[in-house]
There are 2 protein chains.
Amino acid sequence: MTSGDTSHPSPATEPVGFETHDHAGCIASALAAADAHCQREGLRFTPVRRQALEILLQEHRAIGAYEMLDRLRDAGFGSQPPVAYRALEFLVAHGFAHKIERLNAFIACAHPGAEHSPAFMICRLCQSVAEAQSTPSRGALGDAARAAGFQIERTVVEAEGLCPSCAEKADA
Amino acid sequence: MTSGDTSHPSPATEPVGFETHDHAGCIASALAAADAHCQREGLRFTPVRRQALEILLQEHRAIGAYEMLDRLRDAGFGSQPPVAYRALEFLVAHGFAHKIERLNAFIACAHPGAEHSPAFMICRLCQSVAEAQSTPSRGALGDAARAAGFQIERTVVEAEGLCPSCAEKADA
DNA sequence: AACTCCATGTGATTTTATAACGTTACGCGT
DNA sequence: ACGCGTAACGTTATAAAATCACATGGAGTT
């Protein structure tokens, strides 16, 4: 991930995962948005929770609960698993982060604030993760659910494969 | 693809999971199919592997590795985790079973033999699981992947919600 | 101040998964 | 049939992921 760019032409509508972008800016704005959202909703955006989100945003990749725990401990918070799990649970519950089931890991939401069913593209070589949108009600799964009378409440959509840059290397 | 699989637009409308069916028959035929497939491919369908598949077929629901281990031990096989994990790994690798990431559990494939990208509907109340087809290349995810230059190799598609019968109970 | 609610911190445990290693069984060429 | 190489099996041990249970403490309310 290069870190030279400062201009971010279009906000949060595309696959924000395999491209370079304004890191400091996205962290700051995401934290601000989370702040505002919690204010509005009467949620307590406590120090651990804020720190956890900041860690996810800084990494900009999926990190496991125990890696998060290490970071939180380094930042002066508790050192037992529930510390990390509770912070992550909060972030996920309110849409600030997502769990990548396939990796047992967590990543900051790339489309904060928006109601959405996320879909992820996971590179099996470099482990990078990009978030896109899925449309559960459309497509084969939606058809099957309607046909079966199944009420979808939540979806996990994760694609594993090669990101552009790893695919290029693999070709060579 | 199988010989019988036509490429019509909506292959996903046989939800084989929330309906009653000929249990003994489906077990026998699935085992026979697996036998044949292994024969053809030169795979070793050993006793543990066969027993593991039979267990999955009998249950007809997602079961965890340690539950599988219990059953295998009861059947006279080894009693340590790798026994179960290896059998399951074989079954998954060759398409006889799938892992439900959301549940950390495994289920027999409902469309044995066919090349497919499975999608699952998981009832959050009764834990039943139905398998349908997904069409990774179509839909929002496929679009996003193409746009990003991501090469999809495998997809995890899992919907969580209410199965028909639990939805009915919940309504009442 | 007393109360309640929720968040935090900690120790302990459960559940899920893999590493490492020796032994056995099979597949195959001779 | 014999020996060879590989894959499968079994076991011990350990790692990784997640949860339980309980005590403490702070923010807001009454």
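Being a predicted model, the structure only gives us computed values, none of them experimental. Below, chains carry the letters A, B, ... as their sequence lines are ordered, and counting in each starts from 1.
A:Arg154 pairs by the side-chain hydrogen bond (donor to acceptor under 3.5 Å, both in side chains) definition with nothing, not counting sequence neighbours. Residues that satisfy the side-chain hydrogen bond (donor to acceptor under 3.5 Å, both in side chains) test with A:His116, not counting sequence neighbours, are A:His98, A:Glu131. Looking at residues two or more places apart in sequence or on another chain, you find a side-chain hydrogen bond (donor to acceptor under 3.5 Å, both in side chains) between A:Arg102 and A:Glu160, B:Glu101. Remark: A:Glu153 pairs with B:Arg124 by the side-chain hydrogen bond (donor to acceptor under 3.5 Å, both in side chains) rule, at least two apart or across chains. With sequence neighbours left out, the ring pair (Phe, Tyr, Trp, His ring centres under 6.0 Å) criterion links A:Phe90 to A:His94. Qualifying salt bridge (charged side-chain N to carboxylate O under 4.0 Å, His left out) partners for B:Glu67, counting only residues two or more places apart in sequence or in other chains: B:Arg61.
Side-chain rings of B:His37 and B:Phe96 approach one another, their centers coming within less than 6.0 Å.
End-to-end axis angle of the helix from C:dA1-D:dT30 to C:dT30-D:dA1, from C1' rotation axes over five pairs per end: 30° (rounded to 10 degrees).
Legend: side chain to side chain donor-acceptor pair (under 3.5 Å) pairs involving residues 44-53 of chain A, not counting sequence neighbours, sorted by first then second residue: A:Asp35-A:Arg50. Under the side chain to side chain donor-acceptor pair (under 3.5 Å) criterion, no residue pair touches residues 74-89 of chain B, with sequence neighbours excluded. Sorted pairs that involve residues 111-122 of chain A and meet salt bridge (charged side-chain N to carboxylate O under 4.0 Å, His left out), not counting sequence neighbours, are lacking altogether.
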Between the protein and nucleotides 20-25 of chain C, are there any N/O to N/O pairs under 3.5 Å, and if so, what are the atom names and distances?
none

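Interface residues of residues 88-105 of chain A facing DNA chain C, ordered by number: none; criterion, heavy-atom separation under 4.0 Å.
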